[in-house]
Amino acid sequence: MGIYQPILTERLILREFKEDDWNKIYSYLSDCEVQKYMIQDVASLDQTKSYAQMFLKHMHEEPRKYVRFAVLLKEDSQLIGECGINMPNVQHYEGEIVYRFAKAYWRKGYASEVVKRMLSFGFEELRLHRIEALCDVRNTASIRVLEKAGMTIEGCMREHRFVKGYWRNSVLYSMLEQEFNKGS
Ligand SMILES: CC(C)(COP(=O)(O)OP(=O)(O)OC[C@H]1O[C@@H](n2cnc3c(N)ncnc32)[C@H](O)[C@@H]1OP(=O)(O)O)[C@@H](O)C(=O)NCCC(=O)NCCS
């Protein structure tokens with residue numbers, strides 16, 4: 001397991017997906033408000049099981065290219081969302097952070113807490129050089145999270161993805177290793 005052991009933040013536990021997490025994951029993947037700006041549509045039970053299974057399989061890859069953590073509240077172990085890093089180009093020391101929470105837990109500062117820790121995990125533990133985040137230009141909540149985390153906007157990727165019958169414009173944010181070190 002090595003560096004992929006559970007991570008503790010002030011209020012949260014971040015640990016890799018487990019076999020029986022899928023029903024909790026389903027509670028937010030099946031919510032159209034949560035999925036509104038995501039590339040994936042609302043998920044069925046079977047799609048949720050496959051989604052969770054996919055990350056269980058990724059755990060055995062070497063080098064690791066996709067890491068997903070379930071986000072649990074320290075106070076009652078409730079699974080409230082997920083976060084992680086995609087590293088399909090890990091040979092270039094590059095990763096993309098992702099995060100998503102069940103609606104009942106929005107606007108409590110959890111995304112900010114998680115993104116801060118994912119950046120330190122990416123730079124300090126995974127030794128990445130560049131971390132990106134991409135989101136729909138209309139996703140003001142996520143844009144605020146990335147701005148607050150001190151990431152730099154690089155621009156708008158026009159009609160970047162065909163999502164739910166619509167050409168999505170995406171904003172690209174990034175942070176470099178040296179910027180993280182300067183800020184921490
Ligand atoms: C985007 C998301 C992760 C934000 O999570 P969160 O835990 O509510 O964010 P935080 O509480 O850390 O808030 C961070 C900042 O964003 C602001 N914010 C949060 N939701 C907002 C909203 N709907 N509109 C405007 N600002 C918002 C907060 O006020 C805070 O800014 P402040 O400190 O200046 O007040 C959450 O809404 C979510 O899971 N959405 C669905 C999935 C998703 O879009 N994921 C991101 C894909 S790129």
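Whatever order the structure lists them in is the order used to number ligands and atoms, beginning at 1. Just so you know, residue 1 is the first one in the sequence shown, and it goes up from there.
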Exercise. Does the ring of Y37 carry R138 above it, NZ/CZ under 6.0 angstrom from centre and within 45° of its axis?
Worked result: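 No, R138 and Y37 do not form such a contact.
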Identify the closest protein heavy atom to [atom]: which residue and atom is it, and at what distance?
atom	answer
atom 7 (O) of ligand 1	A111 N, 3.0 Å
atom 38 (C) of ligand 1	W106 NE1, 3.3 Å
atom 20 (N) of ligand 1	A141 CB, 3.3 Å
atom 24 (N) of ligand 1	R107 NH1, 3.8 Å
atom 12 (O) of ligand 1	S112 OG, 2.6 Å
atom 47 (C) of ligand 1	M38 SD, 3.6 Å
atom 30 (C) of ligand 1	R144 CG, 3.9 Å
atom 44 (O) of ligand 1	N139 ND2, 2.8 Å

Exercise. Is the shortest distance from a heavy atom of Y99 to ligand 1 less than 4.0 Å?
Worked result: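 Yes, that is the case, since the closest heavy atom of the residue is under 4.0 Å from the ligand.
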Exercise. Any heavy atom of V114 sitting closer than 4.0 Å to ligand 1?
Worked result: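 Distance cut 4.0 Å: V114 fails for ligand 1.
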For this session: Flag the pair K57 and E16 as a salt bridge only when some basic side-chain nitrogen lies within less than 4.0 angstrom of an acidic carboxylate oxygen.
Result: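 No, K57 and E16 are not salt-bridged.
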Exercise. Any salt bridge between E132 and R130, counting N to O under 4.0 Å?
Worked result: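 Salt bridge flag = yes for R130 with E132.
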Problem set entry | Derivation of the salt bridge (charged side-chain N to carboxylate O under 4.0 Å, His left out) call for R117 and E124 | CA-CA 10 Å; R117 189 60 183 91; E124 291 173 345; 5.4 Å; no
Show me which atoms of ligand 1 lie under 4.0 Å from any heavy atom of [X].
X	result
K108	11 (O)
R100	39 (O)
V34	41 (C), 42 (C)

Exercise. Who are the ring pair (Phe, Tyr, Trp, His ring centres under 6.0 Å) partners of Y166, not counting sequence neighbours?
Worked result: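 Listed in chain order: nothing, the list is empty.
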Problem set entry | Any protein heavy atom nearer than 4.0 Å to atom 10 (P) of ligand 1 |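 Yes, there is one.
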For this session: Write down the atom of E82, the atom of Y28, and the distance for their closest heavy-atom approach.
Result: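 Shortest heavy-atom contact: OE1-OH, 2.6 Å.
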For this session: Enumerate the residue pairs fulfilling side-chain hydrogen bond (donor to acceptor under 3.5 Å, both in side chains) with a member in residues 65-81, sequence neighbours excluded, ordered by first and then second residue.
Result: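 Listed once each, the pairs are R68-N86.
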For this session: Check whether the ring centres of Y4 and F69 lie less than 6.0 Å apart, and answer yes or no.
Result: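 Here the rings of F69 and Y4 have centres that are no less than 6.0 Å from each other.
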For this session: Could you verify whether a donor N or O on one side chain and an acceptor N or O on the other, from R15 and Q5, lie under 3.5 Å apart?
Result: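 Judged by distance alone, the side chains do not pair up.
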For this session: Answer yes or no: does atom NZ of K49 have more than 12 heavy-atom neighbours from other residues, nucleotides or ligands under 6.0 Å?
Result: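 Yes, enclosed.
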Exercise. Which is it for E113 and ligand 1 at heavy atoms under 4.0 Å: side chain, backbone, both or neither?
Worked result: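 E113 to ligand 1: no contact under 4.0 Å from either part.
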Problem set entry | Under 3.5 Å: N/O of G109 near N/O of ligand 1 |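 So ligand 1 has an N or O lying under 3.5 Å from an N or O of G109.
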